[in-house]
2 protein chains.
Amino acid sequence: MTQLGNVTPLFQDLAKVEHEHNLACQECSLYRLCLPLGLHNNDLIQLDKIIKRSQSYSRGQPLFSTQTPFNSIYVVRSGSFKTTVSAVDGREQVTGFYFPGEFVGLDAIYEQAYRSNAKALESSSVCELPFDILQELGTNMPQLQVQMMSRLSKELSGDKSLMFLLGKKTAEEKLATFLLSISRRFQDRGFSAREFQLSMSRGDIANHLGLAVETVSRLFSRFQDEGLIEIHNKSISIRDSEKLKALCG
Amino acid sequence: MTQLGNVTPLFQDLAKVEHEHNLACQECSLYRLCLPLGLHNNDLIQLDKIIKRSQSYSRGQPLFSTQTPFNSIYVVRSGSFKTTVSAVDGREQVTGFYFPGEFVGLDAIYEQAYRSNAKALESSSVCELPFDILQELGTNMPQLQVQMMSRLSKELSGDKSLMFLLGKKTAEEKLATFLLSISRRFQDRGFSAREFQLSMSRGDIANHLGLAVETVSRLFSRFQDEGLIEIHNKSISIRDSEKLKALCG
DNA sequence: TTGTTTTATTGATCCAGGTCAATGCATTAA
DNA sequence: TTAATGCATTGACCTGGATCAATAAAACAA
């Protein structure tokens with residue numbers, strides 16, 4: 001067994017460091033990645049008041065599904081989540097993975113109903129933002145509205161890139177792109193870009209990239225043989241990020 | 001040559017009916033599909049003032065590209081557009097088709113730079129919304145902000161469906177889904193859901209659905225043989241929308 | 001601990017849809 | 001009208017990645 005897991009803590013470990021994630025926005029280590037960024041101190045205190053904190057979810061537990069009445073959007077506080085859209089025949093598409101500071105449930109705003117399902121990938125926690133109160137708050141807090149729009153737009157442009165990936169990239173390019181995307185997001189959160197734990201299964205990765213599990217498994221093995229990565233179960237170490245970048249297309 | 005083209009006018013013809021598309025929001029036939037929906041009369045007049053109208057584009061002309069400095073978002077007024085994201089190696093993914101009342105350029109807000117390219121598919125016109133002024137206007141017009149967020153969220157949930165399509169659907173399901181999506185959008189705009197003109201090429205359709213042109217062509221022929229549709233060049237007539245719906249998966 | 005279930009890996013085979021090639025048909029230009 | 005160009009259709013063939021099958025190795029439960 002490799003020791004990678006000890007080198008870079010899982011997101012859930014960060015939560016523990018933060019006194020069981022009870023910190024207000026002002027003291028939260030996610031501040032610069034999160035919604036409150038750019039709010040004036042007064043506004044921040046207002047926003048802080050409406051947030052329901054310390055909601056915890058264990059591995060596999062749903063945050064919401066298309067059956068859940070829509071009341072809130074969520075920001076990941078620790079851990080990670082996946083979202084899926086599914087058809088009546090049971091087919092599912094993993095539409096995204098969400099890490100601390102990222103919003104989940106934004107696609108529900110238009111229909112005022114969740115259009116996807118969200119599940120915790122590991123022990124995780126969220127900040128819950130009751131949408132009607134958030135809306136109300138936005139009425140006399142334009143900076144908050146700007147932030148929200150900005151977030152929605154960011155997810156939109158990420159989705160367009162994903163469309164390119166799904167429609168035009170080869171299996172190899174898809175997996176290389178995925179690895180570097182995860183790596184970058186770890187880095188943005190102050191973790192190592194080189195060594196981390198994948199919280200999602202091979203099945204989730206494959207599904208998200210429009211591939212079969214077997215293909216992902218084979219590619220991981222090949223990337224390892226070629227010295228691009230070292231992988232053992234969920235522990236990944238990026239060995240040659242330049243070559244990996246070159247494979248992204 | 002079939003007469004379908006005379007049964008249902010192209011969107012560009014609608015524009016002519018509207019006195020060369022110089023109408024203000026209040027009189028615009030797109031009102032109920034567009035941004036101003038739900039604004040109070042006073043606010044509407046304000047919004048109306050900042051809109052640059054009557055911008056016309058001919059077939060193939062770019063509305064913006066990733067090279068264009070970001071200043072505005074656009075609403076299609078007549079005609080239609082496609083957006084693409086492209087890689088350095090020249091590969092392109094058609095990320096969407098846009099019809100009257102639909103927003104183009106929303107994914108630019110986050111980076112304050114266009115992340116995709118937009119091109120007119122036929123003679124078309126847009127309403128241009130200078131983004132900084134729109135933002136400013138939103139400051140004391142919460143209803144406008146709500147509308148904008150709603151629009152962003154709508155596009156988001158459309159993109160998730162498209163991810164499912166790209167990642168999980170068969171070629172047949174993809175094309176059936178595409179046809180019904182276009183049909184529904186024509187209907188929403190007061191046109192026939194059964195007979196209409198496709199403004200995009202087979203190549204654009206194929207690209208958008210993650211297929212080869214040849215596959216799209218073969219499927220159109222098969223759908224016609226099976227009595228689901230009648231197609232002649234760009235004129236389409238939906239013959240059995242129920243069976244088509246059953247093919248969507 | 002031991003059994004049970006889930007997840008991952010690896011090999012062998014297959015097929016949906018891509019690629020290549022030839023031809024037909026529209027649209028545009030002169 | 002004719003020529004030129006680009007888009008669409010159809011057929012023949014091929015391949016990247018799916019599917020099927022067999023183990024192996026984790027994760028979990030009792």
Side-chain angles (χ1 to χ4, degrees), chain A residues 1-2 4-5 10 58-61 82 91-94 119 121-123 165-178 197-225 229-236 247 249, chain B residues 1-2 4-5 10 58-60 82 91 93-94 119 121-123 165-178 197-225 229-236 247 249:
Chain A
M1 175 53 185
T2 140
L4 290 182
L10 285 173
S58 52
R59 184 167 137 64
Q61 200 181 340
K82 70 170 173 183
R91 277 182 295 181
E92 267 199 346
Q93 171 75 26
V94 173
K119 259 197 176 131
L121 291 169
E122 58 190 304
S123 294
L165 177 144
L166 287 168
K168 296 293 172 301
K169 290 194 178 185
T170 64
E172 182 179 85
E173 292 170 332
K174 285 174 176 180
L175 195 62
T177 306
F178 169 77
Q197 303 265 334
L198 296 171
S199 57
M200 65 294 289
S201 70
R202 302 287 191 272
D204 287 336
I205 297 171
N207 183 308
H208 182 52
L209 302 177
L211 298 172
V213 205
E214 293 91 331
T215 306
V216 168
S217 199
R218 274 185 257 272
L219 281 171
F220 272 149
S221 301
R222 226 189 66 206
F223 283 179
Q224 181 156 244
D225 292 347
I229 62 172
E230 209 157 291
I231 185 164
H232 189 264
N233 301 322
K234 310 225 150 181
S235 304
I236 278 240
L247 288 185
Chain B
M1 175 56 184
T2 142
L4 291 181
L10 284 173
S58 52
R59 183 165 138 64
K82 69 170 173 183
R91 278 181 295 181
Q93 171 74 26
V94 173
K119 259 196 176 131
L121 291 169
E122 57 190 304
S123 295
L165 177 143
L166 287 168
K168 298 289 172 301
K169 289 193 178 185
T170 65
E172 181 179 87
E173 291 170 333
K174 285 175 175 179
L175 194 62
T177 306
F178 169 78
Q197 302 266 334
L198 296 171
S199 56
M200 66 293 291
S201 69
R202 301 288 191 271
D204 287 336
I205 297 170
N207 183 308
H208 183 52
L209 302 177
L211 298 171
V213 205
E214 293 92 330
T215 306
V216 167
S217 199
R218 273 184 256 270
L219 281 170
F220 272 148
S221 301
R222 226 190 67 206
F223 283 178
Q224 181 156 245
D225 292 348
I229 62 172
E230 210 157 290
I231 185 163
H232 189 264
N233 302 322
K234 310 226 151 183
S235 304
I236 280 242
L247 287 185

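Chain letters run A, B, ... following the sequence lines, proteins first, then strands; residues in each count from 1.
- Map Glu214(B) and Glu172(A) each onto its nearest nucleotide of DNA chain D; the residue landing nearer the 5' end is Glu214(B).
- Note on the helix from dT1(C)-dA30(D) to dA30(C)-dT1(D): terminal axis deviation equals 60°, with five pairs used at each end and the result rounded to 10°.
- Side-chain N/O atoms of Gln61(A) and Ser58(A) include a donor and acceptor closer than 3.5 Å.
- Closest contact between the side chain of Thr215(B) and the listed nucleotides dA8(D), dG17(D), dG18(C) involves dG18(C).
- Expressed to the nearest 0.5 Å, how far CD1 of Ile205(A) lies from CZ of Phe178(A) amounts to 4.0 Å.
- Taking a 4.0 Å limit (strictly below) on heavy-atom distances, residues 200-213 of chain B reaches DNA chain C at Gly210(B), Leu211(B), Ala212(B).
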With 3.5 Å as the limit, what N/O pairs link the protein to nucleotides 24-30 of chain C?
none

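- Gln197(A) and Lys234(A) form no side-chain donor-acceptor contact under 3.5 Å, judged by distance and modelled atom types alone.
- Applying the 3.5 Å distance criterion, the base of dG16(D) shares no donor-acceptor pair with the side chain of Arg218(A).
- For the pair Arg59(B) and Leu121(B), the tightest heavy-atom approach, listed with the atom from each and the gap, is CG-O, 3.6 Å.
- Nearest to the side chain of Ser217(B), among dG17(D), dT9(D), dT10(C), sits dT9(D).
- Across every non-hydrogen atom of Ile231(A) and Gln224(A), the tightest pair is N-OE1, 2.8 Å.
- Listed pair Ser221(A) / dT10(C) meets the phosphate criterion, a side-chain N or O lying under 4.0 Å from OP1 or OP2.
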